[in-house]
**Student:** 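Here's a structure for you.
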Amino acid sequence: MSDLFFFPEQELWRIIGRISFPLYVYALVLGYERTSSRPRYLYRLGVIATVSQIPYQLALNPDGLNVVVSLLAGALVLQVLERTGSFLMSAVIVSTAGVVMDLLPFDYGAYGLLLVVIFRYARSHMLVLWHLMLNVLYLFLNGWDLQMWSLFPTLMIAYGPWIAHRLESVRVSPWVWRSFYPLHLAVIAAVQWLK
């Protein structure tokens with residue numbers, strides 16, 4: 001996000017931003033799968049989304065919903081999908097949620113939701129293939145050419161298990177992870193306000 005504010009004309013920073021979203025999705029899915037309490041996990045995501053919203057609106061998009069809201073929506077859809085026994089019903093749920101996320105100002109919209117679903121249910125080369133197909137679809141629909149860079153972390157996660165294992169084993173205080181997004185948005189909002 002800081003790339004959009006500080007370096008809007010430099011494409012390299014936008015590429016770095018595109019690379020980070022799959023890492024957020026990967027962390028979300030890992031946390032969702034491994035948490036000892038799904039309600040507490042969803043609650044914590046909700047708190048981070050809420051705390052991040054005002055700085056996000058002040059710094060970047062006065063009418064939009066921040067990326068953590070999108071990730072929370074993705075986690076809620078995963079929870080509903082776990083209770084659904086039929087593929088057809090699952091497709092209806094994902095499609096409906098995707099339409100809602102595209103109609104409302106969710107950051108990444110249906111793309112973000114579909115990437116969460118892909119990371120939850122696909123493995124190895126299928127993870128890369130589904131992510132590539134999603135990116136190609138959005139390239140044709142919305143001209144999201146920079147989004148193709150988001151495949152790099154997915155390739156590393158799918159084909160570099162030792163990298164994924166190392167990422168999973170990094171131990172940092174949960175409050176560092178939870179506070180980074182809203183704090184960096186607050187700094188951007190403060191800089192913009194002081195201009």
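Because only heavy atoms are used, hydrogens play no part in the values below, and waters and symmetry mates are left out as well, while side chains stay in. Note that the numbering runs from 1 along the sequence shown for the chain.
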**Student:** Treating Ile, Leu, Val, Met, Phe, Trp and Tyr as nodes and any side-chain heavy-atom pair under 4.5 angstrom as an edge, say whether V100 and V69 lie in one connected cluster.
**Tutor:**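 Yes, because V100 and V69 connect within a single hydrophobic cluster, where side-chain heavy atoms sit under 4.5 Å apart.
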
**Student:** Does Y41 belong to the same Ile/Leu/Val/Met/Phe/Trp/Tyr cluster as L72, with side-chain heavy atoms less than 4.5 Å apart forming each link?
**Tutor:**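 As far as the 4.5 Å side-chain criterion goes, L72 and Y41 are connected within one cluster.
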
**Student:** Not counting sequence neighbours, which residues clear salt bridge (charged side-chain N to carboxylate O under 4.0 Å, His left out) with R40? List them please.
**Tutor:**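 Scan of R40 (salt bridge (charged side-chain N to carboxylate O under 4.0 Å, His left out), adjacent residues dropped) gives none.
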
**Student:** Are the side chain of D102 and the backbone of G109 linked by a donor-acceptor contact shorter than 3.5 Å?
**Tutor:** no

**Student:** Measure from the side-chain N and O atoms of T84 to the backbone N and O of S86, and report whether any donor-acceptor pair falls under 3.5 Å.
**Tutor:**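 Side chain of T84 to backbone of S86, a donor-acceptor pair under 3.5 Å: no, none is there.
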
**Student:** What do you reckon, is CH2 of W144 surrounded by more than 12 foreign heavy atoms closer than 6.0 Å?
**Tutor:** yes

**Student:** Measure across S150 and R18 and return the closest heavy-atom pair with its distance rounded to 0.1 Å.
**Tutor:**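 Heavy-atom minimum between the residues: CB-O, 3.4 Å.
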
**Student:** Do L141 and V117 sit in the same hydrophobic cluster, where Ile, Leu, Val, Met, Phe, Trp and Tyr count as joined when their side-chain heavy atoms come under 4.5 Å apart?
**Tutor:**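 In one cluster with L141: V117, yes.
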
**Student:** I want to check something: taking the side chain as every heavy atom from C-beta on, are L45 and L28 in contact at a cut-off of under 4.5 Å?
**Tutor:**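 Yes, close enough: below the 4.5 Å cut-off.
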
**Student:** Does NZ or CZ of R38 fall inside the cone over Y32's six-membered ring, less than 6.0 Å from its centre and within 45° of the axis?
**Tutor:** yes

**Student:** Is any side-chain heavy atom of L71 closer than 4.5 Å to one of Y108?
**Tutor:**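 The answer is no, as the side chains (C-beta and beyond) never meet within the 4.5 Å cut-off.
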
**Student:** side-chain hydrogen bond (donor to acceptor under 3.5 Å, both in side chains) for Y111 and N142? Distances and angles first, verdict last.
**Tutor:** CA-CA 11 Å; Y111 175 92; N142 298 339; over 6 Å; no

**Student:** Could you measure the distance from the CG atom of L114 to the CE atom of M133? Nearest 0.5 Å is fine.
**Tutor:** 11.0 Å

**Student:** Search all heavy atoms of P62 against all heavy atoms of Q57 and return the closest pair with its distance.
**Tutor:**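 Nearest heavy atoms, P62 then Q57: O-NE2, 3.0 Å.
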
**Student:** With a 3.5 Å distance limit and no angle check, can you tell me whether S70 reaches the backbone of D107 through a side-chain donor-acceptor pair?
**Tutor:** yes

**Student:** Measure the CG-CG distance between L127 and L132 for me, rounded to the nearest 0.5 Å.
**Tutor:**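 Going from the CG atom of L127 to the CG atom of L132 covers 11.0 Å.
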
**Student:** If you measure from CD1 on I157 to CZ on F119, what distance do you get to the nearest 0.5 Å?
**Tutor:**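 CZ of F119 is found 4.5 Å from CD1 of I157.
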
**Student:** Closest approach of D63 and P105, non-hydrogen atoms and distance?
**Tutor:** O-CG, 3.0 Å

**Student:** Is the shortest heavy-atom distance from the side chain of S124 to the side chain of Y159 under 4.5 Å?
**Tutor:**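 Yes. Closest side-chain heavy atoms under 4.5 Å.
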
**Student:** To the nearest 0.5 angstrom, please state how far the CZ atom of R44 sits from the CG atom of L42.
**Tutor:**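 Going from CZ on R44 over to CG on L42, the span is 9.0 Å.
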
**Student:** Do we see a donor-acceptor contact under 3.5 Å between the side chains of N66 and Q53?
**Tutor:**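 Yes.
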
**Student:** Does L76 share a hydrophobic cluster with Y121, counting links as ILVMFWY side-chain heavy atoms below 4.5 Å and allowing steps through other members?
**Tutor:**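 In one cluster: yes.
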
**Student:** Report yes if the side chains of L139 and Q147 come closer than 4.5 Å at any heavy-atom pair, otherwise no.
**Tutor:** no

**Student:** Would one find more than 12 heavy atoms of other residues, nucleotides or ligands at under 6.0 Å from atom CZ of R83?
**Tutor:**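 Atom CZ in R83 is not packed in, count stays at 12 or less.
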
**Student:** Counting only heavy atoms not in F152, do more than 12 sit closer than 6.0 Å to its CZ atom?
**Tutor:**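 Count not over threshold, so no.
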
**Student:** Nearest 0.5 Å, what's the NE2-CG distance between H131 and L155?
**Tutor:**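 Rounded to the nearest 0.5 Å, the NE2-CG separation comes out at 9.0 Å.
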
**Student:** Do you know which two heavy atoms are closest between A97 and L113, and how far apart they sit?
**Tutor:** CB-CD2, 3.6 Å

**Student:** Which heavy atom in G98 sits nearest to a heavy atom in A110, and how many Å separate them?
**Tutor:**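 Closest approach of G98 to A110: O-CB, 3.4 Å.
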
**Student:** For residues V94 and L104: do they belong to one hydrophobic cluster (side chain heavy atoms under 4.5 Å, members Ile, Leu, Val, Met, Phe, Trp, Tyr)?
**Tutor:** yes

**Student:** Could you walk me through whether M148 and V136 pass the side-chain contact (heavy atoms from CB on, under 4.5 Å) test, one step at a time?
**Tutor:** CA-CA 8 Å; M148 295 304 276; V136 169; 4.1 Å; yes

**Student:** Quick one: does V116's side chain get under 4.5 Å of V77's, heavy atoms only?
**Tutor:**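 With C-beta onward as the side chain, the pair stays apart.
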
**Student:** Kindly compute the distance separating CG (L115) from CH2 (W130), expressed to the nearest 0.5 Å.
**Tutor:**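 Those atoms lie 13.0 Å apart.
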
**Student:** Should we say atom CE of M89 is surrounded by more than 12 heavy atoms from elsewhere, each under 6.0 Å from it?
**Tutor:**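 Open: at most 12 neighbouring heavy atoms sit under 6.0 Å from CE of M89.
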
